[in-house]
Amino acid sequence: MSVFAILDPAVRLAHDVVAALAQVVPTALAIVLFTVCVRLALHPLARAASRGEKARARLAPRIAELNRKHKGRPEKLQAALAELYREEKASPFAGCLPMLVQIPFFSVMYRLFTTPNDLLGHTLFGAPLGLHVGSAHGAGEWVVFAVLYAGLAALGYVNFRRARRAQAKQAAQGQGAQAQPALAFLPYLSFGTVLFAALVPLAAAVYLLTTSTWTAAERAWLYRDGAPEPAVPALA
């Protein structure tokens, strides 16, 4: 039995919701609407994460001072950092919260679109939603895939640029990629969504484009005041 089988109750619920929406709108649009509704429900977590990230950026000079003060004494440094975060009601992991919460939803959608069901028999501009790019034939189907991949690539580039800027700001504060060279590759993960989309059916690519667009727009809105963003790229 697949490990994803434990998600089957949630998958059935997601299927029923998308199928109900598909009674009044095209199935591809139903996937988009369902994804937007879920991301909207998760938005308060993203707002909380942005507040935590801004607090962490505000505390960066004090953190750097603690690093200098307790250099070579990791136990004292960890205790001092924990006390600082407790006093300021901040968390060093705040920026990761939305991504972690999205993992179960992503897993449910992956299971929904990789398990044969009636939704995958519907089409998007003539291309079946259950179709993989390797099985595409005819100009119409190739165009549908090309447009989706181009959209994902464009969003990947936007997220790549934002992650690079975030790393540059952290490096200027003595943190980030210059302090940890192994993390310099992280911005390139922004393009991972494009590669993953090539491995899943068309319906999953529609979901990935929708959730990636939401993530990019959400970050642009939450950090519109110029506050430093998380250096971890927005993957979805």
Visitor: Residues two or more places apart in sequence or in another chain: which of them pass side-chain hydrogen bond (donor to acceptor under 3.5 Å, both in side chains) with R47?
Guide: none
Visitor: Indicate every side-chain donor-acceptor pair of residues 21-36 with a distance under 3.5 Å to a residue at least two apart or in another chain.
Guide:
{"from": "T27", "atom 1": "OG1", "to": "H122", "atom 2": "ND1", "distance (Å)": "3.2"}
{"from": "T35", "atom 1": "OG1", "to": "I31", "atom 2": "O", "distance (Å)": "2.8"}

Visitor: Output all residues satisfying side-chain contact (heavy atoms from CB on, under 4.5 Å) with A154, sequence neighbours left out; order by chain, then residue number.
Guide: none
Visitor: Any non-hydrogen side-chain atom of T115 less than 4.5 Å from a side-chain atom of V11?
Guide: no
Visitor: Under 4.5 Å between side-chain heavy atoms, hopping through other hydrophobics if needed: is there a path connecting L7 to L13?
Guide: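 Hydrophobic grouping puts L7 with L13.
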Visitor: Please determine whether a side-chain nitrogen of the Lys or Arg among E65 and R62 lies less than 4.0 Å from a carboxylate oxygen of the Asp or Glu.
Guide: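 R62 and E65: not salt-bridged.
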Visitor: Would you mind reporting whether P201 and L129 have side-chain heavy atoms less than 4.5 Å apart?
Guide: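 A side-chain contact under 4.5 Å is absent here.
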Visitor: With sequence neighbours left out, what residues match N117 under side-chain contact (heavy atoms from CB on, under 4.5 Å)?
Guide: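 Partners of N117 by the side-chain contact (heavy atoms from CB on, under 4.5 Å) criterion, ordered by chain and then number, come out as H15, L112, L119, L120.
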Visitor: Quick test of your reading: applying salt bridge (charged side-chain N to carboxylate O under 4.0 Å, His left out), list the pairs with at least one residue in residues 72-81, sequence neighbours left out, ordered by first then second residue.
Guide: none
Visitor: Show the nearest heavy-atom pair for residues V108 and A14, with the distance to one decimal.
Guide: CG1-CB, 4.0 Å
Visitor: Could I get the full list of side-chain hydrogen bond (donor to acceptor under 3.5 Å, both in side chains) partners for R161, not counting sequence neighbours?
Guide: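 Once residues adjacent in sequence are excluded, the partners of R161 under the side-chain hydrogen bond (donor to acceptor under 3.5 Å, both in side chains) criterion are Y157.
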Visitor: Report the residues that fulfil side-chain contact (heavy atoms from CB on, under 4.5 Å) with F125, sequence neighbours left out, ordered by chain and then residue number.
Guide: V144
Visitor: Hey, any chance V200 and L152 share a hydrophobic cluster, counting ILVMFWY side chains that come within less than 4.5 Å of each other, even indirectly?
Guide: yes
Visitor: Does any non-hydrogen side-chain atom of T193 lie less than 4.5 Å from one of L155?
Guide: no
Visitor: Which heavy atom in G151 sits nearest to a heavy atom in L209, and how many Å separate them?
Guide: C-CD1, 3.8 Å
Visitor: F196 pairs by ring pair (Phe, Tyr, Trp, His ring centres under 6.0 Å) with which of F106, F191, Y207?
Guide: F106
Visitor: Show the nearest heavy-atom pair for residues A205 and A197, with the distance to one decimal.
Guide: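 Where A205 meets A197 most closely, the heavy atoms are CB-CB, 4.4 Å.
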Visitor: Any side-chain heavy-atom pair from E141 and S135 closer than 4.5 angstrom?
Guide: no
Visitor: Which heavy atom in P128 sits nearest to a heavy atom in G126, and how many Å separate them?
Guide: CD-O, 3.6 Å
Visitor: Is any side-chain heavy atom of D8 closer than 4.5 Å to a side-chain heavy atom of R111?
Guide: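 With C-beta onward as the side chain, the pair touches.
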Visitor: By side-chain hydrogen bond (donor to acceptor under 3.5 Å, both in side chains), which residues pair with H43, not counting sequence neighbours?
Guide: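 Partners of H43 by the side-chain hydrogen bond (donor to acceptor under 3.5 Å, both in side chains) criterion, ordered by chain and then number, come out as E218.
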Visitor: What pair of heavy atoms forms the shortest contact from A220 to R162, and how long is it?
Guide: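 In this case the closest contact between A220 and R162 is CA-NH2, 3.4 Å.
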Visitor: Should Y110 and F105 be marked as a ring-ring contact (aromatic ring centres under 6.0 Å, His included) after you check the CA-CA gap, both sets of side-chain angles, and the distance that decides it?
Guide: CA-CA 9 Å; Y110 173 82; F105 175 58; over 10 Å; no
Visitor: Taking a hydrophobic cluster as the set of Ile, Leu, Val, Met, Phe, Trp and Tyr residues connected by side-chain heavy atoms closer than 4.5 Å, whether directly or through intermediates, do L40 and V17 fall within one such cluster?
Guide: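 Both belong to a single hydrophobic cluster.
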Visitor: Could you walk me through whether Y85 and I63 satisfy the side chain to side chain contact (heavy atoms under 4.5 Å, CB included) test, starting with their C-alpha distance in whole Å, then the side-chain angles of each, then the deciding distance to 0.1 Å, before giving a yes or no?
Guide: CA-CA 10 Å; Y85 284 123; I63 293 173; 3.3 Å; yes
Visitor: If I take atom CE from residue M109 and atom OG1 from residue T210, how far apart are they, to the nearest 0.5 angstrom?
Guide: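 With rounding to 0.5 Å, CE (M109) is 8.5 Å from OG1 (T210).
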Visitor: Mind checking side-chain contact (heavy atoms from CB on, under 4.5 Å) for V133 and listing every partner two or more places apart, or none if nothing turns up?
Guide: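 Result, side-chain contact (heavy atoms from CB on, under 4.5 Å) vs V133: W142, F145, Y149.
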Visitor: Check which hydrophobic residues are tied to V147 through side-chain heavy-atom contacts below 4.5 Å, counting indirect links as well, and list them.
Guide: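 Noted: V147 shares its cluster with V143.
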Visitor: Partners of Q78 by side-chain hydrogen bond (donor to acceptor under 3.5 Å, both in side chains), sequence neighbours excluded?
Guide: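 For Q78, no residue satisfies side-chain hydrogen bond (donor to acceptor under 3.5 Å, both in side chains) once neighbours in sequence are set aside.
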Visitor: Could you see if Y223 belongs to whatever hydrophobic cluster contains W221? Use Ile, Leu, Val, Met, Phe, Trp, Tyr and a side-chain cutoff under 4.5 Å.
Guide: yes
Visitor: Any heavy-atom pair between the side chains of T215 and R39 that's under 4.5 Å?
Guide: yes
